[in-house]
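Reminder, nothing fancy here: chain letters follow the sequence lines and each chain counts from 1. Worth knowing before you read on, the calculation uses all heavy atoms, side chains too, and leaves out hydrogens, waters and symmetry mates.
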2 protein chains.
Amino acid sequence: MNVSFAEIQGSSSGCFAKGSPTRLVLDHVSSTWGVLVLGTLSEGTRRWGELRRDLDGISEKMLASTLRALATDGLVHREPLASVPPHVEYSLTPRGRELAERMMPFLEWIATNSDDEPL
Amino acid sequence: MNVSFAEIQGSSSGCFAKGSPTRLVLDHVSSTWGVLVLGTLSEGTRRWGELRRDLDGISEKMLASTLRALATDGLVHREPLASVPPHVEYSLTPRGRELAERMMPFLEWIATNSDDEPL
DNA sequence: CTGTATCCAATTCGATACTG
DNA sequence: CAGTATCGAATTGGATACAG
């Protein structure tokens, strides 16, 4: 391993500590829907209704709060279109794309190693 | 991005779907304490009491259930030592180490990009 | 020392209904 | 279409006490 966990933690004194900004982002991103929203948006821009369909099983409440959290963290961009009927488009910010890229190898490993492996 | 989210999802038909083994592991690993336990164990073997001290703020209940979940997933190895007083050592399995390695770039990015960045 | 059991508070989440 | 408001159910999480 080229970077140790201790080094990461030490890099900003008590990072991942309860209440730290780092920890907040970690919580947002590592939540069930956070991961799936970021993954879906990594495919491209989506409208509210599309996200709701793609993320099968998500409630409107969770979709709203997940998007708001990620937008606040500067990972997701919200673009309201001045049209009738109203449309809003969601996409990853450059930061969001960076994060999503680093998340993929991780998700890929889980997908290929956790769907049937015995123990 | 070299691997798309859609490809990952499609790779095992409905992976990350609610109730799938993949989703279970994702939930365990992406929980607050799951990440921190894996990170700490990536530093080396730890005893129960050491983990409790290192993971400041964790309750015995959460430590127990997190360790049990990760052990069930085959990511953490539990080694009871036949001694008095009793000792138990926890360490990452080979699979756990693989996962931890893939988690590090991700954690590193959050640590360096989310501790002060404005927006 | 290493846990398990229990109780209780706090939070999360989903379903539904409703607004701009 | 794109949300917000509200309520209740379910889950999570912590503190404490206790057992092997």
Participant: For Arg23(B) and Thr32(A), run side chain to side chain contact (heavy atoms under 4.5 Å, CB included): C-alpha distance rounded to whole Å, both residues' side-chain angles, the deciding distance at 0.1 Å, then the answer.
Facilitator: CA-CA 8 Å; Arg23(B) 170 72 163 269; Thr32(A) 300; 3.1 Å; yes
Participant: Rounded to whole angstroms, how far apart are CZ on Arg52(B) and P on dT2(C)?
Facilitator: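 Rounding to the nearest Å, CZ of Arg52(B) and P of dT2(C) are 11 Å apart.
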Participant: Rounding to an integer number of Å, can you tell me how far Lys61(B) NZ sits from dT4(C) P?
Facilitator: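 These atoms are roughly 13 Å apart.
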Participant: What's the separation between atom NE2 in His28(B) and atom CD1 in Ile110(A), rounded to the nearest 0.5 Å?
Facilitator: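 Taking NE2 in His28(B) and CD1 in Ile110(A), the distance rounds to 11.0 Å.
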Participant: How close or far is atom C1' of dG13(D) from atom CH2 of Trp33(B), stated in whole angstroms?
Facilitator: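 So the CH2-C1' distance, Trp33(B) to dG13(D), works out to 10 Å.
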Participant: Let me know, please, whether Ser59(A) or Trp48(B) comes out on the 5' side of the other along DNA chain C by nearest nucleotide.
Facilitator: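 Result: Trp48(B).
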Participant: Is the shortest side-chain N/O distance from Arg68(A) to OP1 or OP2 of dT4(D) below 4.0 Å?
Facilitator: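 True: Arg68(A) side-chain N/O within range (under 4.0 Å) of dT4(D) OP1/OP2.
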Participant: Which of the following nucleotides, dG3(C), dC1(C), dT4(C), is nearest to the side chain of His87(B)?
Facilitator: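 Nearest to the side chain of His87(B) among the choices is dC1(C).
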Participant: Parallel, tilted or perpendicular for Tyr90(B) and Trp48(B), by the 30°/60° rule?
Facilitator: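 The rings of Tyr90(B) and Trp48(B) sit tilted, inter-plane angle from 30° to 60°.
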Participant: On the ring face of Trp33(A), is Arg52(A) found with NZ or CZ under 6.0 Å from the centre and within 45° of the axis?
Facilitator: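 Geometry flag: not set, cation outside 6.0 Å or 45°.
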Participant: Below the 4.0 Å mark, does dG3(D) have OP1 or OP2 next to a side-chain nitrogen or oxygen of Tyr90(A)?
Facilitator: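 Yes.
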Participant: dG3(C) C1' sits how many Å from Glu89(B) CD, rounded?
Facilitator: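 Rounding to the nearest Å, CD of Glu89(B) and C1' of dG3(C) are 16 Å apart.
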Participant: Rounding to a whole Å, what distance do you find between Leu63(B):CG and dT12(D):P?
Facilitator: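 Taking atom P of dT12(D) as the reference, CG of Leu63(B) is at 17 Å.
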Participant: Can you confirm whether the side chains of His77(B) and Glu79(B) place a donor and an acceptor under 3.5 Å from each other?
Facilitator: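 A donor-acceptor contact under 3.5 Å links the two side chains.
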Participant: Among the candidates dG13(D), dA2(D), dT2(C), find the nucleotide nearest to the side-chain atoms of Arg47(B).
Facilitator: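 For the Arg47(B) side chain, the nearest candidate turns out to be dT2(C).
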Participant: Is a side-chain N or O of Arg102(A) found less than 3.5 angstrom from the main chain of Glu108(B), in a donor-acceptor match?
Facilitator: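 The answer is no, because no donor-acceptor pair under 3.5 Å joins these two groups.
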Participant: Got a second to check how far Glu101(B)'s CD is from Leu38(B)'s CG, nearest 0.5 Å?
Facilitator: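 Output value for this atom pair is 12.0 Å.
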Participant: Heavy atoms under 4.0 Å, any strand shown: does Arg78(B) hit a base, just sugar-phosphate, or nothing?
Facilitator: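 The answer is sugar-phosphate, as Arg78(B) gets under 4.0 Å only of primed atoms, P, OP1 or OP2.
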Participant: Roughly how many Å is it from CG in Leu36(B) to P in dG13(D), rounded to a whole number?
Facilitator: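 Distance check: Leu36(B) CG to dG13(D) P gives 12 Å.
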Participant: Nearest to the side chain of Pro86(A) - dG14(D), dC1(D), dA15(C)?
Facilitator: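 The closest nucleotide is dC1(D).
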Participant: Roughly, in whole Å, what's the span from CZ in Arg46(A) to P in dC1(D)?
Facilitator: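 Roughly 16 Å, once rounded to whole Å.
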Participant: Given dT6(D), dC1(C), dG13(D), identify the nucleotide with an atom nearest to the side chain of Met62(B).
Facilitator: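 Given the options dT6(D), dC1(C), dG13(D), the side chain of Met62(B) is closest to dG13(D).
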Participant: Would you work out how much the helix from dC1(C)-dG20(D) to dG20(C)-dC1(D) bends between its ends, with each end axis defined by five base pairs, to 10 degrees?
Facilitator: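 Answer rounded to 10°: the end axes differ by 50°.
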Participant: Using modelled atom types only, decide if a donor and an acceptor are shared between the side chain of Thr45(B) and the backbone of Glu89(B) within a distance under 3.5 Å.
Facilitator: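 Not confirmed, Thr45(B) side chain does not pair with Glu89(B) backbone.
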Participant: Consider the side chain of Glu60(A), meaning its heavy atoms from C-beta on, and name the nucleotide among dT16(C), dC1(C), dC13(C) that approaches it most closely.
Facilitator: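 Nearest nucleotide to the side chain: dT16(C).
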Participant: Give the nucleotide from the list dG13(D), dG3(C), dT4(C) with an atom nearest to the side chain of Val88(B).
Facilitator: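 Nearest to the side-chain atoms of Val88(B), counting from C-beta on, is dG3(C).
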Participant: What's the CG-C1' distance between Leu67(A) and dA2(D), to the nearest Å?
Facilitator: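 In whole Å, dA2(D) C1' lies 11 Å from Leu67(A) CG.
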